[in-house]
Amino acid sequence: MLPDQAAGRIDDRLLTDTITTNLVGPIRMTSALVEHLKTKEDAVVAYTSSVLGFVPMAVTAVYSATKAALHSYAMSQRFLLQDAGVRVLEIAPPWVRTDLMNSREAELAMPLDQFIAETMAVFGTDADEILVEGAKAFRANPGPNEHAFVIGFNQQALAIFGQL
């Protein structure tokens with residue numbers, strides 16, 4: 001997850017690497033395995049998207065766009081595989097204390113152990129989208145009035161991360 005300059009020239013290497021890692025890679029991997037998975041009982045495909053797929057962070061526009069695309073792909077694949085015995089899950093983390101964007105010590109980020117515990121609890125349900133409590137507001141946001149949430153979120157992100 002690297003910052004980019006959506007208001008200016010995007011570095012081509014960043015663009016290509018981010019799209020390849022976050023979108024092309026997962027699609028290629030499931031494409032290679034899906035026919036095999038259809039022959040297995042209780043097969044599961046699990047994608048890791050992000051709440052940034054629902055509410056983009058402007059300073060990481062390319063990353064956010066790949067997560068939105070992966071979310072769309074997972075929904076399509078889930079629909080198409082619904083009768084094939086392959087369950088398609090999407091894990092959409094909020095801001096978690098990890099090395100992404102140097103967030104390990106960020107007070108506003110969710111502690112990693114809490115994220116893991118909440119995620120594992122949701123895995124025990126029949127949910128197709130694995131959302132921890134801190135992700136639910138982002139998931140509930142898309143719709144005709146989503147711009148106010150997106151603007152507020154990005155104003156807060158700029159205050160935290162600056163222009164990067």
Side-chain angles (χ1 to χ4, degrees), residues 1-2 17-58 60-101 103-104 106-154 156-157 160:
M1 180 176 172
L2 297 172
D17 288 353
T18 304
I19 291 171
T20 299
T21 300
N22 292 346
L23 183 60
V24 176
I27 291 172
R28 282 181 178 157
M29 182 63 108
T30 56
S31 176
L33 297 173
V34 71
E35 292 305 320
H36 173 73
L37 292 173
K38 288 177 184 178
T39 68
K40 300 300 176 186
E41 192 173 321
D42 297 322
V44 176
V45 172
Y47 294 104
T48 302
S49 66
S50 169
V51 296
L52 300 181
F54 311 130
V55 178
M57 183 160 53
T60 60
V62 173
Y63 179 89
S64 297
T66 64
K67 295 304 186 171
L70 188 60
H71 168 67
S72 177
Y73 186 81
M75 289 194 311
S76 295
Q77 191 176 56
R78 183 179 302 124
F79 174 78
L80 293 171
L81 291 173
Q82 65 186 340
D83 295 327
V86 179
R87 188 171 172 207
V88 178
L89 303 180
E90 177 185 1
I91 306 162
W95 188 18
V96 179
R97 291 184 192 158
T98 66
D99 291 334
L100 285 179
M101 302 289 287
S103 300
R104 193 163 293 284
E107 286 298 318
L108 294 176
M110 183 178 200
L112 181 58
D113 58 346
Q114 180 185 349
F115 170 73
I116 292 169
E118 286 187 37
T119 297
M120 295 310 291
V122 181
F123 267 126
T125 71
D126 62 354
D128 291 325
E129 292 181 350
I130 310 302
L131 301 170
V132 298
E133 197 59 42
K136 291 179 180 176
F138 289 83
R139 181 63 179 109
N141 179 64
N145 299 312
E146 70 184 321
H147 296 291
F149 191 97
V150 171
I151 289 168
F153 169 71
N154 278 287
Q156 183 180 22
I160 294 169

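Note that these values count all heavy atoms, side chains included, but never hydrogens, waters or copies made by symmetry.
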Kindly indicate whether the side chain of [X], heavy atoms from C-beta on, has any atom under 4.5 Å from the side chain of [Y].
X: Leu2; Y: Thr18; value: no
X: Leu81; Y: Val34; value: yes
X: Ile160; Y: Trp95; value: yes

*Is the CE atom of Met29 crowded by more than 12 outside heavy atoms at less than 6.0 Å?*
no
_Qualifying residues under ring-ring contact (aromatic ring centres under 6.0 Å, His included), relative to Phe115, sequence neighbours excluded_ = none
*List for me each residue that meets ring-ring contact (aromatic ring centres under 6.0 Å, His included) alongside Tyr63, sequence neighbours excluded, and say none if there are none.*
none
_Show me the pairs that pass side-chain hydrogen bond (donor to acceptor under 3.5 Å, both in side chains) and involve residues 68-77, at least two apart or across chains._
Tyr47-Gln77, His71-Glu90
*asked:* Once side-chain hydrogen bond (donor to acceptor under 3.5 Å, both in side chains) is applied, what residue pairs with a partner in residues 110-123 remain, sequence neighbours excluded?
replied: Gln114-Glu118
*With sequence neighbours left out, write down each residue that passes salt bridge (charged side-chain N to carboxylate O under 4.0 Å, His left out) with Lys40, or none if nothing qualifies.*
none
Main chain of [Y], side chain of [X]: is a donor-acceptor contact present, judged purely on distance under 3.5 Å?
X: Arg97; Y: Ala106; answer: yes
X: Asn141; Y: Ala148; answer: no
X: Arg87; Y: Val44; answer: no
X: Lys67; Y: Phe54; answer: no

Heavy-atom pair of closest approach, residues [X] and [Y]:
X: Pro93; Y: Ile91; answer: CD-O, 3.3 Å
X: Ala92; Y: Ser49; answer: CB-OG, 3.6 Å
X: Val88; Y: Arg78; answer: O-NE, 2.8 Å
X: Pro26; Y: Leu70; answer: CB-CD1, 4.0 Å

Side-chain donor-acceptor distances from residues 120-135 under 3.5 Å, at least two apart:
unit_1 : atom_1 : unit_2 : atom_2 : d
Thr125 : OG1    : Val122 : O      : 2.7
Thr125 : OG1    : Ala127 : N      : 3.1
Glu129 : OE1    : Arg139 : NE     : 2.7
Glu129 : OE2    : Arg139 : NE     : 3.3
Glu129 : OE2    : Arg139 : NH2    : 3.1
Glu133 : OE1    : Lys136 : NZ     : 3.2

*Which of these passes side-chain contact (heavy atoms from CB on, under 4.5 Å) with Thr66: Thr20, Asn22, Thr60?*
Asn22
